[in-house]
Amino acid sequence: MLIHNADVATIFNQIADLLEIKSDNPFRVRAYRNAARTLNALTSSVQTMVAEKRDLTDLPGIGVDLAGKIVEIVTTGTCALREQLHRQFPPSVHELLTVPGLGPKRVNTLYRQRNIRTLDQLYSSAHNGQIRNIPGFGVRAEQRILEALRTQQSKKKRYRLDLAESIAGSLLEYLRAPGDIKKIEIAGSIRRRQETVGDLDILISSSRPRLIIQRFVKFEGVTQILTQGITRASVVLRQGMQVDLRVVSNDSFGAALHYFTGSKSHSIAVRTLAQKRGLKMNEYGVFSGTRRIASETEAAVFQAVGLPYIEPELRENRGEFAAAQSGKLPQLIHLADLAGDLHSHTKASNGRNSLREMAIEAKKRGLSYLAITDHSRSLTVAHGLNAEGLTRQMDEIDQLNTELGLKLLKGCEVEINEDGTLDLPDSILERLDIVVAAVHSKFGLSRERQTKRILRAMDHPCFTLLAHPSGRLILEREPYDVDMQQIILHARQRGCFLELNAQPSRLDLTDTYCMMAKSEGVLISVNSDAHSIFDFDNLRFGIGQARRGWLEKKDVLNTLSIAQLLLSISHSGK
DNA sequence: AGAGGTGCCTCTGAAGATACTCCTATCTT
């Protein structure tokens, strides 16, 4: 049975929830949650590690006991502790926690005192007015539960970064309009450029918080007001997305922005650090006793606790503190560092614009080279090109290269066949400047076969880089099962490259694999995969993901000048 | 339950706003 790290993490989180409902030792609860987080961030498969008899206690937050439970789960698929807890609390009790306003204490009360085990039972109890008499509950709590269950609010969705940004756009415009706002910023996971967003966090500095809050909750897109206080409010928008707004005074904007940007675990770590220095830190500033010593800017806040400025994309408590303290924070790549783009389409296959239009637009965006990489023949749904079509396109590129001040590279997004061969004959591949190879079929192969397929493709002397290496579509399609570590190691040996596809629906490689590639010295190409002239906008999403992966200019292939690039990709095997 | 220092014990993830019910639970980064 195939058990993913996420499966083990889910079981650990379930155990943590149940222990919490049981009011067990809070540190024990945290230990299970920490272990779950470790497993979710881990790039190597824990099941493989068990098979290879690796020592799991080397992992942070995993000791003898939890290592034993991991072995138990990856071999049996379940865990005796969870089964035991399920005898005390039926599995369905767990879902009561998803109702906003219900935490472990109240869920415990509901089960122990009223034997409420399911959302249906909760609904009918609330409907019959039986909740209001339970100690710790009241009429308002009862109404809130009914409301939440009616609107399915417990099913918290996540949204793709690009969608979340566009929803935020109109709201920001509305908030800004009257002009009584000094500063306004989107914080939270959008600012950290996380690939999906759960809710919008907006921070405003103004001397009139009440007015701002009142206007906020009257925005025409608001369908529900969750909380409304003097300095903060939470609403739900028509699209289902929750928005949290916080208003502070101008002089504490930096401290509030740091707090509101998160991540949660980063914030906690910084506050702990402040504590160790005898300081106190909250969203109003850093305090020595009652004296505020920093608050206006994030840089000042970091400085007050002895840290250099840490970029939002690094704030995940994934090593940024160790790096900061040893002066080894990366100089993260910027959009302007990109010299070219190595993956784009024209209407010769499934793009919308002509070769010339794409080239002109790329030049307008400040790029000095663009690889044209239309699909190859067997991807018929995308009107893939055969040898003849590609030859014709190459002639056209030769012509354009004489008249445009931008270098067009002859390329192709070539299908990797099931057996790892490439979709076009060597005679044509050899004439290309760049071969972007990709898997678009047979996603269901076993891990071994999928990995072998890609490794074989990489061994082709013309192979330049692997497009969207995991094949995932964010919130739509899981990645295919592949040993990414082996692919990265092979890329290093073979001297070829991996793509970070910048389409907001892909962002593939993921941040953690970017880190792995960087540590192995494998360069990443941040590519738009543009199918129209507008899609060069994708690049900024790709750069966001690259920055989350700690990538610097030197780690990214397409920051090289055209001369250096041609040298690098010709060394990749041809 | 883990980590770290010592061989069993101590410490471990901050801080505040809001809503609710009656003193605290929940939510947020």
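Just so it is clear: chains get the letters A, B, ... in the order the sequence lines come, proteins before strands, and each one is counted from 1.
A/Q275 places its CD atom 11 Å from the P atom of B/dG16, with the value rounded to the nearest Å. Between the CG atom of A/N34 and the P atom of B/dT12 there is a distance of 14 Å, rounded to whole Å. With rounding to whole Å, A/L81 atom CG is found 7 Å from B/dA1 atom P. Computed from coordinates, the A/L279 CG to B/dA15 P distance equals 11 Å when rounded to whole Å. The separation between A/R30 atom CZ and B/dG2 atom C1' is 11 Å, rounded to whole Å. The distance from atom CD1 of A/I145 to atom P of B/dC20 is 11 Å, rounded to the nearest whole Å. Rounding to whole angstrom units, CG of residue A/L85 and P of B/dA1 are separated by 10 Å. The CD1-P distance, from A/I213 to B/dA17, rounds to 13 Å in whole Å.
Taking atom P in both B/dT12 and B/dG5, the straight-line distance is 14 Å, to the nearest Å. Taking the C1' atoms as reference points, B/dC8 lies 12 Å from B/dG4, given to the whole Å. Comparing B/dT6 with B/dA1, their P atoms sit 25 Å apart, to the nearest whole Å. Rounded to a whole angstrom, the distance from the P atom of B/dA14 to that of B/dC9 is 25 Å. Nucleotides B/dC20 and B/dT26 have their P atoms positioned 14 Å apart, rounded to a whole Å.
When heavy atoms are screened at a 4.0 angstrom cut-off, A/K69 is found touching the sugar-phosphate backbone but no base atom. Using a 4.0 Å heavy-atom criterion, one finds that A/T57 contacts no nucleic acid atom at all. Heavy atoms of A/R132 sit nowhere under 4.0 angstrom from any nucleic acid atom. Counting any heavy atom pair closer than 4.0 Å across all strands shown, A/V29 reaches no nucleic acid atom.
In this structure, CD on A/E83 lies 3.5 Å from OG1 on A/T78, to the nearest 0.5 angstrom.
Contact check, A/N282 against B/dG16: a side-chain N or O comes under 4.0 Å of OP1 or OP2. Distances shown here put a side-chain N or O of A/K280 below 4.0 Å from the OP1 or OP2 atom of B/dG16. Considering only side-chain N and O atoms, A/Y284 lies nowhere under 4.0 angstrom from the phosphate OP1 or OP2 of B/dA14. For A/T227 and B/dC20, the shortest distance from a side-chain N or O to OP1 or OP2 is not below 4.0 Å.
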A/R82 vs A/Q14, side chain to side chain donor-acceptor pair (under 3.5 Å): CA-CA, chis, key distance, verdict: CA-CA 8 Å; A/R82 181 175 66 162; A/Q14 284 171 356; 2.6 Å; yes
Worked verdict on A/M281 versus A/S267 for side chain to side chain contact (heavy atoms under 4.5 Å, CB included): CA-CA 10 Å; A/M281 187 173 166; A/S267 287; over 6 Å; no
Pair A/R246-A/E283, salt bridge (Lys or Arg N to Asp or Glu O under 4.0 Å): steps then yes or no: CA-CA 10 Å; A/R246 187 75 186 262; A/E283 53 265 53; 3.1 Å; yes
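No hydrogens or angles considered: nothing links the side chains of A/R37 and A/N40 as a donor-acceptor pair under 3.5 Å.
Positionally, the nearest nucleotide of DNA chain B for A/R246 lies more toward the 5' end than for the other of A/A141 and A/R246.
Classified by interplanar angle (parallel below 30°, tilted 30° to 60°, perpendicular above 60°), the ring pair A/F89/A/Y111 is tilted. Using the six-membered ring where Trp is involved, A/H258 and A/F302 have ring planes that are perpendicular, over 60° apart on the 30 and 60° scheme.
Partner of A/D511 under the salt bridge (Lys or Arg N to Asp or Glu O under 4.0 Å) criterion, chosen from A/R318, A/R193, A/R547: A/R318.
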Reading 5' to 3' through nucleotides 24-29 of chain B, protein heavy-atom contacts under 4.0 Å coded B for base, S for sugar-phosphate only, - for none: -SSSBB
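Of the candidate nucleotides B/dA15, B/dG2, B/dT12, B/dG2 has the atom nearest to the side chain of A/L66.
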